[in-house]
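Down below is the structure, laid out as structure tokens.
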Amino acid sequence: MPLSRREIRTRAVKFAKQWAGATEEEADAKPFWYEFFNIFGIRARTVGSYEVHVRKLDKALGKIDYFWPGMVLIEHKSRGKDLKKAAVQAVDYLHGVKEHEKPRYIIVSDFARFVLYDLESGVETELLLEDLPQRIELFDFIAGYEVRPLREQDPVNIRAAEYMGELHDELKASGYGGKELEVYLVRLLFILFADDTGIFEQDAFYNFIVDQTREDGTDTGPQLARIFQLLNTPEEKRQKNLDERLKDFKYINGKLFADPLPIADWNGGMRVTLLECAGLNWSRISPAIFGALFQSAMDAKARRNLGAHYTSEQNILKLIKPLFLDELWDEFEKVKGSKPKLDQFHKKLSELRFLDPACGCGNFLVITYRELRELEIAVITAQLKGQQVVDVDKLVLLNVDRFYGIEIEEFPAQIAQVAMWLMDHQMNQRISAAFGEYMVRIPLTRSATIACANALRCDWRDLLLEGEHYDFILGNPPFIGHQWRTIGQQADHEHIWGKKGRVGRLDFVTCWFKVASGLVIGTTTQVAFVSTNSIVQGEQPAIMWSVLNRIGIEKTFAYRTFKWNNEARGIAQVHVVIIGFGSPSNKKKLIYDEELMTDSVGPHQALQINGYLLDAADVILESRGKPIWFKHPINKGSQPTDGGGLILDDSEYLELKEKEPAAEKWIRPYMGAFEFINGNYRHCLWLKGIGPTELKNFPIVRSHLDTVVQFRKGSPTASVRSAASTPTLFTQDRQPETPFLVIPEVSSENRAYIPIGFIDPIVVPANTVQVVANADMLSFGFIQSLMHMAWTSVVCGRMKSDFRYTPSVYNNFPWPEQATTAQQATVESAAQGVLDARAQFPTASLADLYDPLTMPPALVKAHQTLDKAVDQCYRPQAFANDAKRVEFLFEFYEKYTAGLLAGMIAKKKRSR
């Protein structure tokens, strides 16, 4: 048990006084460091060694003055020597230290001065001997008090998961598998953590494996089984002649070691892997992320990209801070000056209940618990007001038994429960460091409630006792688009949403929104979930919120689209939003937008938050087949459904021109979104109207048609199979007969504008572009404007993060009917100006012209002129930003559609 801070400081005063008066002859490094470690109640020789020989980088033999593996390396010099050179020498020694034994700290000293180097943070701290008592906290790591900053990408987390993965593979290969293997590894996880964090005596487990098991590993399994049994046996029930070395393993309880497991057969290689794993410093492991790493390490393929399988702490904080944490800290600031109010607030904290209904390995629960314990430390500090701590255990009210989770897979559910215990212990260490009294909750008497169940098929309230309720529901449900659901997930989706209407288009994650909404309506429970941003784009907001709005759900905060990125190697970025909701309340409505927030500008306080996460009316945009305002309809381009038979690559095109030149009149330029933006058209066979006699003269063309026939006959779609009888035609022919406007269906999010343009009808547009036939210059001006772009960026769908333009974007776009003839003429002139500016660069593709880095100034200016002309058609006042444009458009849309609906109702009444 660590000494109290008071005792450590007292010993530091004596040490400084003793060695300050030592003469040159009396000054000896070994007793100096012996006494230094004794300040913290540590015997130097029990944790490390003096005069350790290592090979330096230049292969020469070096000698470390003192070395505590995994913790600290000390280099000592005579009084007045250059400590910078001593530090360089110490760093050189690291090349000869085994990877798992490399220390976090280096200390160099000359009796009168200390320089402490933290190799993780890069912080260098120098102090004089006389200042040691006042700054003794710098060396908390020696006392075992320090709770280290936990870096998410700390290599220790990765290496530990890799070692555990190797143990998994080796045990599985030996025939030890299934649920028993998972439980076995979870137990080892707890033991390894306990070995370095004060639950056991330091390195008790590591030393036991080294000293009490054979090198060939044949008795490692039975010895581990013996330890598992001991950890489930209270001290008073253990045999009296128990080996002294086993007494260090305290009774754990918590049912973690209760169920008997088969004894595993180990070998020498497995034992070495276990020792490598145990040799790491597990006090540096983060329970918040290690669980997910641990789970992925069990999969050999996932292990190659460890780090891509957990949720970063920063992203979790983006959810829990606006959901509850910020308000709790604000409340603490208000009550901390009043002891009765502070005590009441402390009691309130300890009674809050949290549920993660898709908890995985418990990341959200673990971070939530950690942050609440940090707040509790501030509360206790304010309660004490400098008073001496007598019994810290009685001051801490928060515990893990107020945390609940539901997880469909058993292994991560087990990890989640253990991760909560591990975080509880780390926070107890934090309490110990804060108040100078050692705190440990062993044996385990309380635990988080983690149910292994399908959250979409069970009642979330079943985890509670009668009369209890959840205060907050939170988490990160699975991201699965409607087209990727398994049969089981599809059944779950239909169980929650039913089959009527277009609910089948909703992402799987929305099921959790629906269940939570039904659970919390009429209560004070608040909810927040992370979701892919697809649920606030395109058609999904209308589908989902038309249902949830009827239930009575109100959005309380929103985090607009950001990249769910943990900077791991090769991770695929996911673009997500966070939505907080509950029953209607007086809570502030906050919108977080990383692009707009700065150190001085916080979240936007909204009047209301709509389904697109805007401060605007909660308007539901319908999926319309015709435009409300635009004169001309929009359609996809033509679709061949041909297996490649009608589309020609360059070599096929050249072959056909050379061998069947008469067929060239039946070949047309073919253009999809890629070709339109990048300027390299392909070619296609456009055989509409060809006669059979002429077709017989083109054997190469007929071979292409054979490909079309075979492909269509093999289709699962009846209409496509039927089209096998007309292989000369596209299955969907939407070819305009006059110049038409092209809008690429997918365009990069990096462009300020989606490039659009007029195309000659000789070109066949593919089904990857949207086509507006007979469009005029006025329509082009509005669609190419920043006003329309702002609308598109909010209501369009997304392909990853890129814009996905759909007909509903066009069909619902509010047209300013109040625009005068003169204003419309100004827009037409400015639109022509954009085309003229493009024409100045005939060799440049639209990709080049609209690249943010290469967009010509003349084109930029032309667009600015167009944007101003379009804006003034809506109102004379300028718009501050795109968000204001969209808010205005939603208000415009709401007023117009309300009037339109009223007119339709009146018309129906008149017709009766």
Side-chain angles (χ1 to χ4, degrees), residues 533 536-538 560-561 575 593 595-596 612-614 616 621 627-630 634 673 676-677 741-758 769-770 772 775 777-816 819 826-828 830-835 837-838 846-847 849-856 859-875 878-893:
N533 62 356
V536 300
Q537 298 165 349
R560 287 177 179 159
T561 297
H575 293 77
D593 190 325
E595 293 183 1
L596 301 178
Y612 302 91
L613 309 190
L614 293 169
L621 297 183
I628 298 178
W629 286 280
F630 284 115
I634 188 171
F676 172 69
I677 292 174
L741 201 60
V742 166
I743 307 172
E745 188 171 78
V746 177
S747 180
S748 170
E749 65 167 339
N750 297 322
R751 299 187 182 109
Y753 305 88
I754 296 176
I756 67 172
F758 289 101
V769 297
Q770 300 290 341
V772 182
M777 190 61 69
L778 186 62
S779 297
F780 169 77
F782 273 90
I783 299 172
Q784 189 62 91
S785 71
L786 190 58
M787 181 69 76
H788 185 73
M789 189 64 213
W791 172 264
T792 301
S793 66
V794 171
V795 304
C796 77
R798 298 275 175 155
M799 182 71 70
K800 295 184 179 178
S801 61
D802 293 336
F803 302 115
R804 186 170 179 271
Y805 198 97
T806 58
S808 64
V809 178
Y810 176 90
N811 290 336
N812 283 303
F813 180 66
W815 181 279
T826 302
V827 171
E828 289 175 328
Q832 184 60 55
V834 169
L835 295 177
R838 292 180 187 174
L846 288 171
L849 289 171
Y850 285 87
D851 185 316
L853 299 177
T854 60
M855 190 172 185
L859 183 56
V860 173
K861 186 175 180 180
H863 268 284
Q864 291 171 343
T865 302
L866 175 60
D867 295 337
K868 183 177 180 181
V870 171
D871 282 357
Q872 290 183 344
C873 288
Y874 288 89
R875 72 180 192 191
F879 293 94
N881 51 45
D882 284 353
K884 294 300 180 184
R885 286 185 175 88
V886 178
E887 289 170 11
F888 180 89
L889 290 173
F890 267 95
E891 291 175 8
F892 193 99
Y893 180 92

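Residue numbers run from 1 in the order of the sequence given.
- A perpendicular orientation is assigned to the rings of Tyr874 and Phe888, their planes being inclined by more than 60° (bins at 30° and 60°).
- To the nearest 0.5 Å, the span separating CH2 on Trp629 from CG on Asn811 amounts to 11.0 Å.
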Item to check | Residues Arg838, Tyr850; criterion side-chain hydrogen bond (donor to acceptor under 3.5 Å, both in side chains); working and verdict | outcome: CA-CA 10 Å; Arg838 292 180 187 174; Tyr850 285 87; 2.9 Å; yes

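- Residues Met777 and Leu835 form a side-chain contact, since some pair of their non-hydrogen atoms from C-beta on lies under 4.5 Å apart.
- His788 pairs in a ring-ring contact (aromatic ring centres under 6.0 Å, His included) with only one of the listed residues (Phe782, Tyr805, Tyr753), which is Tyr805.
- Contact between Gly757 and Phe676 at its shortest, heavy atoms only, is N-CZ, 3.5 Å.
- A distance-only check finds no donor-acceptor pair linking the side chain of Asp867 to the backbone of Ser785 [under 3.5 Å].
- Between atom CD1 of residue Ile754 and atom SG of residue Cys796 there is a gap of 6.5 Å, rounded to the nearest 0.5 Å.
- The closest side-chain heavy-atom distance from Ile677 to Arg751 is below 4.5 Å.
- Expressed to the nearest 0.5 Å, how far CG of Asp802 lies from CD of Glu749 amounts to 6.0 Å.
- Using a 4.5 Å cut-off on side-chain heavy atoms (C-beta onward), Leu889 and Met787 make contact.
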Checklist entry - Can you check side chain to side chain contact (heavy atoms under 4.5 Å, CB included) on Ile783 and Phe630, steps first, answer last? => result CA-CA 10 Å; Ile783 299 172; Phe630 284 115; 3.8 Å; yes

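- Taking the side chain as every heavy atom from C-beta outward, Leu621 and Ser808 never approach each other to under 4.5 Å.
- Screening Tyr893, Trp815, Tyr810 against Ile628 for a side chain to side chain contact (heavy atoms under 4.5 Å, CB included) leaves a single residue, Tyr893.
- The distance from atom CD1 of Ile634 to atom CG of Leu741, rounded to the nearest 0.5 Å, is 8.5 Å.
- Using modelled atom types, no side-chain atom of Ser747 and backbone atom of Pro744 make a donor-acceptor pair closer than 3.5 Å.
- Counting heavy atoms from C-beta outward, Val795 and Trp791 have side chains that approach closer than 4.5 Å.
- A salt bridge links Asp882 with Arg885; the closest basic N to acidic carboxylate O contact falls under 4.0 Å.
- Going from atom CG of Asn750 over to atom CG of Leu853 covers 9.0 Å, rounded to the nearest 0.5 Å.
- Residue Gln537 holds its CD atom at 9.5 Å from CZ of Phe803, rounded to the nearest 0.5 Å.
- In this structure, the side chains of Phe758 and Val742 stay at 4.5 Å or more apart for every pair of heavy atoms.
- For the residue pair His863 and Val834, the shortest heavy atom distance occurs at NE2-CG1, 3.7 Å.
- With contacts defined as side-chain heavy-atom distances shorter than 4.5 Å, the pair Val860/Gln864 qualifies.
- Residues Glu595 and Arg560 form no side-chain contact, since every pair of their non-hydrogen atoms from C-beta on lies 4.5 Å or further apart.
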Item to check | side chain to side chain contact (heavy atoms under 4.5 Å, CB included) between Asp871 and Phe879, worked out | outcome: CA-CA 8 Å; Asp871 282 357; Phe879 293 94; 3.8 Å; yes

